[in-house]
Novice: 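Before I ask anything, let me first share the structure, which is written out below as structure tokens.
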Amino acid sequence: MSTELCKLKKSLKGELPSYILLVNQPRFVCTSCGRVANKKKNLCNPERMREK
Ligand SMILES: [Zn+2]
């Protein structure tokens, strides 16, 4: 899966296991739609989250 998660909606159900791999350790948040992801390439408007 290489597309932006923000654009995945209909296909998410079938792709759930691979989706989880992309979001299980999120470092970026999308400032447009509020999704989170491990890699910024998977978000349309990524912003790095502050690490604890
Ligand atoms: Zn987005």
Side-chain angles (χ1 to χ4, degrees):
M1 223 194 299
S2 59
T3 69
E4 292 167 357
L5 301 180
C6 308
K7 292 173 183 169
L8 292 176
K9 282 181 183 170
K10 293 174 184 174
S11 62
L12 181 57
K13 203 167 187 178
E15 303 275 359
L16 196 56
S18 42
Y19 176 85
I20 288 170
L21 290 177
L22 296 176
V23 301
N24 59 357
Q25 293 179 320
R27 296 175 123 189
F28 296 91
V29 58
C30 178
T31 55
S32 299
C33 35
R35 286 174 188 262
V36 295
N38 301 355
K39 296 180 182 177
K40 67 178 179 182
K41 72 174 181 181
N42 294 121
L43 298 170
C44 64
N45 226 327
E47 183 151 322
R48 184 183 285 272
M49 288 196 282
R50 226 175 264 178
E51 314 238 351
K52 286 181 180 174

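Just so it is clear, the structure is predicted and the values come from calculations on it, not from any experiment. Values below: all heavy atoms of this structure, side chains included; hydrogens, waters and symmetry mates excluded.
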Novice: What are the two closest non-hydrogen atoms of Lys41 and Glu4, and how far apart are they?
Specialist: O-CG, 3.7 Å

Novice: Between Leu43 and Cys30, which heavy-atom pair has the shortest distance, and what is it?
Specialist: CD1-N, 3.7 Å

Novice: The criterion is side chain to side chain donor-acceptor pair (under 3.5 Å); which residues satisfy it with Ser32, sequence neighbours excluded?
Specialist: Asn45

Novice: Taking the side chain as C-beta and beyond, is there a heavy-atom pair between Asn38 and Arg27 under 4.5 Å?
Specialist: no

Novice: Using every non-hydrogen atom in the two residues, find where Leu5 and Val36 come nearest and quote the distance to one decimal.
Specialist: CD1-O, 3.9 Å

